[in-house]
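Here is the structure we will look at, set down as structure tokens.
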Amino acid sequence: MKDHWDYKTIIEPFRIKSVEAIPLLERRDRERALDRAGHNLFELLADEVTIDLLTDSGTGAMSATQWAALMLGDETYAGSRSFQRLRAVVHRMTGIEHIFPVHQGRAAERIIASTMLGPGRVVLSNTHFDTTRANIEQAGATALDLPEPYGPRDTADFKGNTDLPLLKAALIEHGPAVAMVLVTLTNNAAGGQPVSMANLKATRALCDTHGVPLFLDAARFAENAWFIREREGGFDTWAIPDIVRAMFNLADGFTMSAKKDGIVNIGGLLACRDDAMATGFRNQLILGEGFPTYGGLAGRDIEAMAVGLEEAMDVGYLRYRSRSIAYFVEGLESVGVPCVQPAGGHAVFIDCGALLPHIPKDQFPGQALGAALYLEGGIRGVEVGSLMFPGSKLELLRLAVPRRVYTQAHINYVIEVAERVVARKDSIRGYRIVEEPPFLRHFTARLTPA
Ligand code: F0G
């Protein structure tokens, strides 16, 4: 007998109660919009984009339960009921004592940077997300990425893992300068690939040997737990919350952008076990975010986050979520679009270096494909290649999938658009930059066809 999940059609584990119109434009309107935007997709307006796959951050759809929870928001300045509820959920989930709400993930990163980092300090990671790296460097410290070395088409179950021999060598080399090891779950910059429990445990053991705290960047903690359940021997009968708890049991603390697996439009968390560390965090939090029981959020945002964190651990939701990303990758591959394999948790990453070999790296193949998908069908992705990271090895276009927002029909449409673009791929031209800021150039650079 077949169950819901054995069919080719993906049954979304929700039905739609409230809808939002999406803009459908004429091609010449898109041409005009792209011109005005300086061929930079970040400069497009919402009304100019049909399917927006720029990010999965803060773009999820809240459930009816979350919308109802908003009405319970307690806006008491200090000691609100909403914070008590969030604290209970996060404490149950992680077992970690000191829990602080923040307005989004990078606020937690900034608090860590201002309390634990400074010139000469080093942070070691499987791969730092770009805001994490920027906050570390802003404090004068060094961020070192130590991912296991995989190519985009190598298939392995846990391509987000930390390279353990390199981590050990770095812990020895940098000794007491190492402020923390920070493991990003899932590894966004490395294709949304997961980290295994075994790799996390071994990382913990190395941290213990060297007396260094282990933190998690837990933005996509639930998607990571799902992959552990599916792919790592011995976890297939575990409940997702138990896997989540086992991951956090290995950590001394975490940062979290709740705009991903928290399924809220704004919110984040910072947490730790150590009392003295918590005092430092609390003081910085008051300086920049607000009193520690609201941390830059309204009580209603905190209520929605408490509900969203639990919804993200629902096994049916996670099965649908990972199936829909895998379906997207399979569809793109079937029309000749090479993707990073295997499918990650939150996005597909198209290997534009392989798809458009006639476009040199300094003419940004990822940006060229991004512009072509926009012109053809109003789809917006984000280049992750030489434009975003000068000197980057890979030329990727990320199509991130917002949570619970698009249906299989929307994804089918994107695949059809991609098929048309592939049919004339040899005519796609690269870009050159005509104007760029001194840092983080991908956000505001202006480009012109080469
Ligand atoms: N850590 C990871 C792994 C992230 O992916 C992000 C954000 C952050 C931290 C920062 O969190 O945006 O709430 O301040 N990633 C988004 C993205 C922006 O598109 O991947 P934030």
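Sequential numbering from 1 along the given sequence is applied to the chain's residues.
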Salt-bridge test for [X] and [Y]: reply yes if a basic N is under 4.0 Å from a carboxylate O, no otherwise.
X: R27; Y: E31; value: yes
X: R398; Y: E383; value: no
X: R133; Y: E109; value: no
X: R321; Y: E230; value: no
X: K8; Y: E330; value: no
X: E48; Y: R32; value: no

So for atom [atom1], which belongs to [X], do other residues, nucleotides or ligands contribute more than 12 heavy atoms lying within a distance under 6.0 Å?
X: R81; atom1: CZ; answer: no
X: R110; atom1: CZ; answer: no
X: R231; atom1: CZ; answer: yes
X: R153; atom1: CZ; answer: yes

| query | What is the distance from atom CG of L44 to atom CZ of R30, rounded to the nearest 0.5 Å? | reply | 11.0 Å

| Approximate separation, where rounding is to 0.5 Å, of E223 CD and H346 NE2 | 7.5 Å

Provide the closest heavy-atom pair for [X] versus [Y] in the form atom of the first, atom of the second, distance.
X: A61; Y: I263; result: O-CG2, 3.8 Å
X: H91; Y: I99; result: N-CD1, 3.7 Å
X: N224; Y: M247; result: ND2-SD, 3.7 Å
X: P292; Y: I286; result: CD-CG1, 3.7 Å
X: H98; Y: D274; result: CD2-O, 3.8 Å
X: A418; Y: L332; result: CB-CD2, 3.6 Å

| field | Sequence-distant partners of H410, side chain to side chain contact (heavy atoms under 4.5 Å, CB included), two or more places apart | value | I22, I51, Y406, T407

| I350 vs L399, side-chain contact (heavy atoms from CB on, under 4.5 Å): CA-CA, chis, key distance, verdict | CA-CA 8 Å; I350 298 174; L399 303 177; 3.9 Å; yes

Donor-acceptor pair, side chain of [X] and main chain of [Y], under 3.5 angstrom:
X: N135; Y: T131; value: yes
X: E289; Y: G296; value: no
X: T127; Y: D145; value: no
X: D56; Y: A400; value: no
X: D252; Y: L214; value: yes
X: K159; Y: G151; value: yes

| task | In sequence, state the C-alpha distance, the side-chain angles, and the governing distance for Y431 and H39, and then conclude on ring pair (Phe, Tyr, Trp, His ring centres under 6.0 Å). | result | CA-CA 9 Å; Y431 279 96; H39 298 265; 5.2 Å; yes

| Between T115 and Q284, does any side-chain donor sit less than 3.5 Å from a side-chain acceptor? | no

| task | Could you please spell out the steps behind the side-chain contact (heavy atoms from CB on, under 4.5 Å) verdict for S63 and R404? | result | CA-CA 9 Å; S63 66; R404 307 190 293 207; 4.0 Å; yes

| Stepwise, does the side-chain contact (heavy atoms from CB on, under 4.5 Å) test hold for L72 with S82? | CA-CA 8 Å; L72 300 175; S82 300; over 6 Å; no

| query | How are the rings of F291 and Y77 set to each other: parallel, tilted or perpendicular (split at 30° and 60°)? | reply | tilted

| task | For the residue pair F14 and Y320, categorise the inter-ring angle as parallel (less than 30°), tilted (30 to 60°) or perpendicular (more than 60°). | result | perpendicular

